[in-house]
Protein chains: 2
Amino acid sequence: MKTSERLVDAAAALLDAGGEPAVTLRAVGKAAGVSQNAAYRHFEDRSALLAAVAIQNARALTRVFAEARQIDALPLERLRRALEVFVEFGQTYPARHHLLFSDPGIAAQDGELREAATASFAAFTALVEDCQRSGNLPSGPPTPIAGLIMATTHGLLDFQNGGRLRVEKGFTSVMASVDLLLGALSGR
Amino acid sequence: MKTSERLVDAAAALLDAGGEPAVTLRAVGKAAGVSQNAAYRHFEDRSALLAAVAIQNARALTRVFAEARQIDALPLERLRRALEVFVEFGQTYPARHHLLFSDPGIAAQDGELREAATASFAAFTALVEDCQRSGNLPSGPPTPIAGLIMATTHGLLDFQNGGRLRVEKGFTSVMASVDLLLGALSGR
DNA sequence: ACCTGAACACCGTTCAAGT
DNA sequence: ACCTGAACACCGTTCAAGT
């Protein structure tokens, strides 16, 4: 296994275990069996290493969305299943979700990460377009609707993972809220 | 002006100027005219100082929501105006928005911040309840609907501030997306 | 009660040097 | 081309000491 791959894997593991602050280059180097600054031979800086982790996960999401489109079910149900996996991902790996969708330091990155994110959103938009064609979502440009659904699901996950939305006091679950949105958009 | 207030103001100013990483205790102390560790006589640690900034802004939002309720307009329009101010706030002070709604380190805080956040959400929920009474939002428990609208608006702002949603490629504006949601929830 | 300077244990990053 | 140890300039935090 190449050193650069071991570095990305180590960074992802540290991210899951202790959040973004735990991903120090010293800890990454130690976990990958190299020195504290070996990462600089493979990545421009710490931010680029984190971006590499984000790229990996963005591509995994693209696959999730593409596979959901092949499910034998109605378009709206396929979209719902895709969102279910997305929510599950965000709940299982909150730090990865935050890195991908909410980290200010990583957002500035250009190039490969932006491409991977765009591809991911395009795969999601295809699910929305299928729903529009079957009359289960309002017609018109698909991007605003896809963006709304993604932003909503992200916002709900971000709130829940940050402890800002709790089951007490009327909030039930992320998917229940997503269903509320899909129900409203599809006209009940 | 009390030292603790000057520290909070300095932290807020540094936050606006350079984001959360710029809020170092050394810089805060310098801006407030005290030493690098004077903050420890007023706050438990750096995280508590940032929480104090968050509390200040949460209370400001509570006022915004309470005032919107007094506007001479239909309930749905009052809700819309409140969201407009909220979006404007998030666009003008992206780092404050991120601190309040998306920062993992600050989310763990208990006590005063949680209270301020709860009060803020309650004031927003009152706007939603008014819309339910006038028949402009679906009836039933108000919390899930208020939570959905807040999470959606936050998610849109978070995406836009992080450069993850750009005007190119079909996305128009945060308020246009919020209107799409309100339109769907109110039954067009 | 409030503040300070010095110190400690961390960081990211750079650099000269090695293979 | 890839890696290392040492060093630099930062951090948050603690502590002994001052008023």
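Letters A, B, ... mirror the listed sequences (proteins, then strands); counts begin at 1.
Listed in residue order, the members of residues 4-32 of chain A having a heavy atom less than 4.0 Å from DNA chain D are A:R26.
In 5' to 3' order, the nucleotides of DNA chain D bounding all contacts with chain A (an atom under 4.0 Å from a heavy atom) are D:dC3 to D:dA7.
Aromatic ring orientation, A:F86 versus A:F101: perpendicular (interplanar angle above 60°, classes split at 30° and 60°).
By the side-chain contact (heavy atoms from CB on, under 4.5 Å) test, A:A146 is found to be paired with A:F121, A:F124, A:T125, A:V128, residues two or more places apart in sequence or in another chain being considered. Annotation: side-chain contact (heavy atoms from CB on, under 4.5 Å) contacts of A:A116 (sequence neighbours excluded): A:I55, A:A58, A:R59.
Considering every non-hydrogen atom in both A:F65 and A:A82, the closest pair reads CD2-CB, 3.9 Å. Among all heavy-atom pairs drawn from B:I106 and B:L113, the shortest one is O-CD2, 3.7 Å.
Residue-to-nucleotide proximity on DNA chain D shows that, of A:Q36 and A:H42, the 5′-proximal contact is made by A:H42.
A salt bridge is absent between B:R164 and B:D158; no separation between the charged side-chain nitrogens and carboxylate oxygens falls under 4.0 Å.
Checking A:H98 against A:D103 by side-chain atom types alone, no donor-acceptor pair falls below 3.5 Å.
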Base-pair string, DNA chain D, Watson-Crick plus G-U, cut-off 3.5 Å on both distances, | for inter-strand, is ||.|||||...|||||.||
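The number of heavy atoms from other shown groups lying within 6.0 Å of OH (B:Y93) does not exceed 12.
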Apply salt bridge (charged side-chain N to carboxylate O under 4.0 Å, His left out) to residues B:D9 and B:R6 and explain how you reach the verdict. CA-CA 5 Å; B:D9 286 355; B:R6 288 214 317 282; over 6 Å; no
Which side-chain N or O atoms in residues 28-40 of chain B pair as donor and acceptor under 3.5 Å with protein atoms at least two apart or in another chain?
| residue | atom | partner | partner atom | Å |
| --- | --- | --- | --- | --- |
| B:S35 | OG | B:N37 | OD1 | 2.8 |
| B:Q36 | OE1 | B:R26 | NH2 | 3.3 |

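Among the protein residues, A:R41 comes within range of the nucleic acid bases, having at least one heavy atom under 4.0 Å from a base atom.
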